[in-house]
2 protein chains.
Amino acid sequence: MKPRGRRPGDEDTRARILNVAREQFAHSGYERASMRSIAGQAQVDPALITHYFGSKVGLLTEALRLPVDPAVVLESVGHSEPDHMGEALVRAMVGAWETPVVRQHFLGMLRTAASHEVAREVMQQTLHDSVQVAVARLVDDDADRRSALVMTQMAGLAFTRYFLQLPEVVALTPEELAASIGPTIQRYLVDPL
Amino acid sequence: MKPRGRRPGDEDTRARILNVAREQFAHSGYERASMRSIAGQAQVDPALITHYFGSKVGLLTEALRLPVDPAVVLESVGHSEPDHMGEALVRAMVGAWETPVVRQHFLGMLRTAASHEVAREVMQQTLHDSVQVAVARLVDDDADRRSALVMTQMAGLAFTRYFLQLPEVVALTPEELAASIGPTIQRYLVDPL
DNA sequence: CCCATAATTCAACGTCTGTAGAACATGCGG
DNA sequence: CCGCATGTTCTACAGACGTTGAATTATGGG
């Protein structure tokens, strides 16, 4: 089919492979996103993936690297009025999730974590690094317990809205979500336990 | 290896296969729980699975049938004092999830749903049939919206505690969960929106 | 006791999987 | 303009996958 050797020009094939991989991991999970299918969509030979990423797991770990810095996403929360921090946090996270890149990353973690222990640990760590760390900075006592509660609520929102796509949850606008769920987060952050 | 034909005695092989399938789907997801591996653990020839369940998808759909009636689990919630319904609901659902059978069913749905559209729809329907229906009976206005909110919180609790196993969430006792998350549910059920 | 039926295994199929090694082409520094 | 490093494809392997059809053995009803 294609001529064999090196291509003229220098468009970044490696990045293209990585994008396709992210797409397919997010859409089909680890096993169904086969090297051949990824290579096919990226119009590339499967062996090239091994060449760049070493193995399929190598490709996965690189695909699962955070596309945004959680500290940046949650920056605004620290500057908000103390009794609307919950609302601000929901607004910031939903805002991020609504962008294709972040949503895809979330779905990629979830779908691959379902069958791959390594991915599950990445997801655990990611949640810790974003929510736990952020909450710890906003709060002055019982940080672990408070962030645990916040994580249950926020993870559940993402899970039902973007993965399960429950119609009743999908139907809500970001503003409605901030208004309804914000107070829950607020309570988890500041109320006595 | 084994002799060929029908076995003497009448122990229910079909049920044994189904149990192993549930176990493996919950532990490894759809693709890694191969017919051969399920058959192996059930000490049976792979072809026997096809004979009983038609195909792998047939096995999956049978494995995903609800092991408990959600109406029974949530029965007590209806009889509780109106201002402690939230707490009662959390207590009832966590109580169920802590049993091996229900926990396994939850993980089975989740892990197979990650790569199998059919399973995702089953999970969606299951959540609807348990939470949505129950909430609709407890509440007198905005049932859809209220149950949407309840589902985000409860799904998130199950997800972080039993699937992700976030240490901070695992550390909490069922009683602590009821005390901390109960009020959230209560608010979703009765507060003005 | 015979025969239909159900339970079970065997052997094989075609396809897909991840990976490895060799071949080939291009670009770049000397 | 030569040579080396890099990019890219080809071919192949060894194994796993789901499914099928036939063979074998036990059970239960007449």
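In what follows, chains are A, B, ... by sequence order, proteins preceding strands, each numbered from 1.
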Worksheet item: To the nearest angstrom, how far is B:I38 atom CD1 from D:dT19 atom C1'?
Response: 15 Å
Worksheet item: B:I49 CD1 to D:dT20 P: how many Å, rounded?
Response: 14 Å
Item to complete: Could you check how far CZ of A:R14 sits from P of D:dT6, rounded to whole Å?
Response: 14 Å
Item to complete: Kindly indicate whether the side chain of B:L157, heavy atoms from C-beta on, has any atom under 4.5 Å from the side chain of B:M93.
Response: no
Item to complete: Among C:dT9, D:dG7, D:dT19, find the nucleotide with the atom closest to the side chain of A:H51.
Response: D:dG7
Fill in: Distance test, side-chain N/O of B:T13 to OP1/OP2 of C:dT8, below 4.0 Å
yes
Worksheet item: For A:D45 and D:dA12, what is the distance between atoms CG and P respectively, to the nearest whole Å?
Response: 14 Å
Worksheet item: Is any side-chain nitrogen or oxygen of B:Y52 closer than 4.0 Å to OP1 or OP2 of C:dA6?
Response: no
Worksheet entry | Matching residue for A:M85 among A:V139, A:V90, A:L189 - test: side chain to side chain contact (heavy atoms under 4.5 Å, CB included) | A:L189
Worksheet entry | Length of the CZ-P vector between B:F53 and D:dG18, whole Å | 15 Å
Discussion item. With side-chain hydrogen bond (donor to acceptor under 3.5 Å, both in side chains) as the criterion, how do A:R91 and A:S76 come out once you've worked through the C-alpha distance, each side chain's angles and the decisive distance to 0.1 Å?
Written reply: CA-CA 10 Å; A:R91 197 170 278 121; A:S76 62; over 6 Å; no
Fill in: Contact nearer the 5' end of DNA chain D, comparing B:T50 with B:S37
B:S37
Item to complete: Would you kindly compare B:A47 and B:S34 by the position of their nearest DNA chain D nucleotide and give the one closer to the 5′ end?
Response: B:S34
Worksheet item: How many Å lie between CZ on A:R36 and P on D:dT9, as a whole number?
Response: 14 Å
Worksheet entry | Distance, rounded to the nearest Å, where B:L48 contributes CG and D:dT24 contributes P | 18 Å
Worksheet item: To the nearest angstrom, how far is B:Y30 atom OH from D:dA16 atom P?
Response: 19 Å
Worksheet item: Among A:T50, A:L48, A:I49, which residue meets the side chain to side chain contact (heavy atoms under 4.5 Å, CB included) test with A:Y52?
Response: A:L48
